Structures are given as C-alpha cells and as structure tokens.
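Each chain gets a letter, A, B and so on, in the order its sequence line appears, and its residues count up from 1. Values in this document were obtained by computation on a predicted structure and should not be read as measured data.
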Protein chains: 2
Amino acid sequence: MLSEKTVERLSEYRRHLSDLQARGVTHVFSNLLAAETRVTAAQVRRDMMNLGLSGSTATGYSVSDLLEHLAGLLDHPHSTRVALIGTGNLGRALLAFFRARPGKAVIAMAFDSDPEKSNRVCCGCRVYPMDSLEARIREDEIRTAILCVPEQDANAVAQRLVNAGVTGILNFAPTRLKVGDQVYVDTMDISSVIEKVGYYAVRGTRAPGRK
Amino acid sequence: MLSEKTVERLSEYRRHLSDLQARGVTHVFSNLLAAETRVTAAQVRRDMMNLGLSGSTATGYSVSDLLEHLAGLLDHPHSTRVALIGTGNLGRALLAFFRARPGKAVIAMAFDSDPEKSNRVCCGCRVYPMDSLEARIREDEIRTAILCVPEQDANAVAQRLVNAGVTGILNFAPTRLKVGDQVYVDTMDISSVIEKVGYYAVRGTRAPGRK
DNA sequence: ACTTGTGAAACGTTTCACAGCG
DNA sequence: CGCTGTGAAACGTTTCACAAGT
C-alpha cells in the first residue's frame, strides 16, 4: 500500500512523463524527473523502488514503462468514472474543469436536489435528481465521488454515497465526514487552506521542512 | 514556526471552538475537541503546548482564550484581504464561495485579462484588468493571492504577484510555481487529488497512517 | 564519470505513558 | 478519579552515502 504523499508524487510524475513522451523522449534519469517536480533524485528512485520498477544505469528509466505502470495503479476502471453531487457554483466549476481538461478521470454523472437544476445537461454532463442517486451509482458501479453540497447536507449525502457503494470521496464541504474506516475521504477545505497560506505569507517564509 | 499540519489543525479547532462559543460553552477538555476533529487528545494538548497555551485540569481550556490566540495567529491584517486572479469558472466559484461564507478572509479584489470580464463587478467583487495588478496589490499591501489562471499563464502571473509583494499563493493551476524560497505556495491540483482518491477508493482502504 | 538501488541515518510528527494536580 | 503537560518512544518519510553497473 502506497502512502498518500507517494501517490501524489506519482500523479505528478505522470504529468511530466506524458509531456516527455509527447516530445519524443523515451528515457529519463531520476535527476531530470526530480528537477521537474521539485523533489530530490533520491526520492524519485525511492518511489520507483516502492513501485517495484527499475531503470538502467546507462539510460535511466523507460518513459513508456513508467507510464504503463502508473496507469495500472491510477487508472482503475472503478476510479476513472466519478460522480459529482451538488451543481452549485463550485460543482459547475468542477464540471467545466473536467470537461476542459480531459484527463483519465471523467465526471460520469452529476446530481442536484434542486428540481430546477436536475434533469438537464450542465457543462456537458447529465444532472439527475437526488432521489435517483443510489440506483444510478450502483448501476454504474461508481466508487468515487466529489461532494459539493452545503455543509449541513454533507454528512447525510456522504452516508447515502457510502450505502450505494462509494469508497472514495473528495469532499469540498468544511466538515469531517463521519464514514466508516473503509472509506477514503479527502477534504479540501478552502477556508482552512487560505488561512494556512495567509499564516506563512505574513511570516515571509516557507513552512518548516519544505524544499 | 508552526508546521503546516499544525496550522491546518488550528484552523479546524477554531471552527469548532466558534461553534462551541456560539452555543455558550466556555471551556473544553482536550478529549472533547479531539473527538470533534478526529485527532487524538494528546495531539490537541501537544498543539496547545506548541502555541504556548495552557488549560487547567479542572475545567480544561478556555474557549475564548483559545479563540483569541488563534485569531492572533491566523487573522493578521495582511492575510485576511486576498486577491484573486482569473475569473473563469473556478475563480467565480471561489468568489461566490467567499461571499456566501464570510469568514475572516475576504477577497478584496479580482483581476482578469479578458476586457469583457474586467472593469465590472462579479459576485460582489470588483474585477480589474490585469495591467493594474501590480499597482493595486501594492497600494492595498496585499500579501496573499489565489491563482485561478490557465496553466500556461500561471508562472508568469505568479512572478508578477511576487514582484508586487505577494508572499503567499494558493495555486489552482496544475503546475509547480517557480518562485523564490521566501514565497509560500500551496498548489491544489484537483486532477491529482481525484487520482489519489480513486487510488484508495478501488483498494477499499484508508491510506497508511490514517486514523 | 555518470547512473541505479538501497541500508542506514536524519528528520518530522504522532502517540504513549505517566508524574502532578485539583 | 479524570485532567493537563511533557519526556520519551514509536512511527513515517526523506535524505545521505556509497556499492555496483555501464
């Protein structure tokens, strides 16, 4: 099982590796990949080790090899199709973002409790009413969801998602979701993050332990 | 200097403490605050220690005392007024978010390079053209900025922000910003995060080292 | 000389465990 | 008792340093 920080780095490596491949580069040394992603070369090599990949001292790592292994880890059929709940300002921004930037992950369906907003297409994605949530998520075997509902609804909706089989939630509501231990939750609390940025901004320093 | 994780927790403590204060609670024990925020009681006490605060064994910590100290750390005049660059979908969502949820931080001004979008009010915030960026940021002594411009513009705009005196950037473009070491950058890479959520979702587990 | 691969050291963070106190 | 405050242990992550390959 890879750690969260490792998975984050893998995702970043992949972006740069795709760039490199598009430019016709077939092999990379750890120090090159490191320079692009602001980690150390030793860290890159350690990550490769954790992945069970190896390179050669003469040519470094094979770009296509790495991309293939990363795709195997990050592009599981159950994780690339995600559901989005709540098509308010932020929800629509995310729909537009994923449409404009078609990566591996795709928002396959959206839900909204407002009858005015559901049963129509928004930013290229079909929006369904909330009462069809469980049925549709189960039918499509969706396991990953983005939660953009108001804070006071977040926990109730999260519970419904989990009941429908979702095991990974990206939560934009500023609340700790109370879900079982088998469900992975990442909460992006924008207010909290802006406070953190402000804290270091006024002190004119990077945080301790940053490169 | 507090670590990033500590600052994140402080921000979360504050939200719960405000709730408690609104409900008339004047003192908390570490285990109560811990239960609300999913950290351990020992962690809460350690954070209080790092802050230089102390409670009493009989009554715990004073809510108002804590809130006061947290405000002193997180609500510096230079960090509560922020600038937002780029009023695309995401930028507008953030403007709406901050307007709807008026916390301590406030978006004081926005900028957009599109003449159609600038020189007007969007979501309650004045949008200025990009060429007035340096002058206005300097004049208002803004130190914190939210960057919502397309990936290819991110580094150039970041450079301009830094030149204008910004020392903290919340970056939504999926790129590492190349800025000096004295500038704090937090990049929220949504594609990367959704890949991480997907990774743990398909494996049906929390990440290692999670409570 | 340049790499990779990796044990071991260093560093940072969290938890344990308990002394001391109301 | 149950609480705080904290040294020390435990754990996780990153970096160092170097053997070995080409």
D:dG2 OP1/OP2 closer than 4.0 Å to side-chain N/O of B:N31 = no
Taking every heavy atom of A:G86 against every heavy atom of A:D112, the minimum-distance pair comes out as C-OD2, 3.8 Å
How far apart are the closest heavy atoms of B:T80 and B:P77, and which atoms are they?
-> OG1-O, 3.6 Å
For A:R203, all residues meeting salt bridge (Lys or Arg N to Asp or Glu O under 4.0 Å), sequence neighbours excluded | none
Is there a donor-acceptor pair closer than 3.5 Å between any side-chain N or O of A:S56 and the backbone N or O of A:A58?
-> yes
With nearest nucleotides of DNA chain D determined for B:S54 and A:Q43 from heavy-atom distances, which residue corresponds to the more 5′ nucleotide?
-> B:S54
Polar side-chain atom of A:R126 near backbone of A:M109 as donor-acceptor pair, under 3.5 Å = no
Residue set satisfying side-chain contact (heavy atoms from CB on, under 4.5 Å) with A:F97, at least two apart, ordered chain then number -> A:R101, B:I190, B:S191
Interface residues of residues 23-30 of chain A with DNA chain C (non-hydrogen, below 4.0 angstrom) = A:F29, A:S30
Using atom names, set out every protein N or O paired with an N or O of nucleotides 8-10 of chain D below 3.5 Å, distance rounded to 0.1 Å.
unit_1, atom_1, unit_2, atom_2, d
D:dA8, N6, B:R46, NH2, 3.1

Proximity to DNA chain D (any heavy atom under 4.0 Å), residues of residues 60-70 of chain B only = B:G60, B:Y61
Taking atom P of D:dG5 as reference, at what distance in whole Å does atom CE of B:M49 sit?
-> 10 Å
Here the distance between atom P of D:dT14 and atom CE of A:M48, to the nearest Å, is 14 Å
Side chain B:Y184, main chain A:Y199, donor-acceptor under 3.5 Å = no
Pull out every residue in residues 1-10 of chain A that has a heavy atom closer than 4.0 Å to any atom of DNA chain D, ordered by number, or say none.
-> A:S3, A:K5, A:R9
Does B:T40 have a side-chain nitrogen or oxygen under 4.0 Å from the phosphate oxygens OP1 or OP2 of C:dT14?
-> no
Residue list, salt bridge (Lys or Arg N to Asp or Glu O under 4.0 Å) with A:R14, at least two apart or on another chain = A:D75, B:E195
Could you tell me whether A:T59 contacts a base, only the sugar-phosphate backbone, or nothing, with contacts defined as non-hydrogen atoms closer than 4.0 Å?
-> nothing
With distance as the sole test, does B:R9 use its side chain to make a donor-acceptor pair with the main-chain N or O of B:Q43 at under 3.5 Å?
-> no
Interatomic distance where CG belongs to A:L32 and C1' belongs to C:dC2 [whole Å] = 14 Å
Under 3.5 Å, which N/O atoms of the protein pair with N/O atoms of nucleotides 17-22 of chain C?
unit_1, atom_1, unit_2, atom_2, d
C:dA17, N6, B:R45, NH2, 3.3

Under the salt bridge (Lys or Arg N to Asp or Glu O under 4.0 Å) rule, collect the residues that match up with A:R143, sequence neighbours excluded.
-> none
Rounded to the nearest 0.5 angstrom, the CG-CG distance for A:N171 and A:L177 is 4.0 Å
Whole Å only: how far is the CG atom of A:L53 from the P atom of C:dG5?
-> 9 Å
What residues, two or more places apart in sequence or in another chain, satisfy ring-ring contact (aromatic ring centres under 6.0 Å, His included) together with A:H27?
-> none
Could you state the CG-C1' distance from B:N50 to D:dT4, rounded to the nearest angstrom?
-> 15 Å
Salt bridge (Lys or Arg N to Asp or Glu O under 4.0 Å) against A:D186, all qualifying residues, sequence neighbours excluded | B:K196
Pairs touching residues 32-63 of chain A that satisfy ring pair (Phe, Tyr, Trp, His ring centres under 6.0 Å), sequence neighbours left out = none
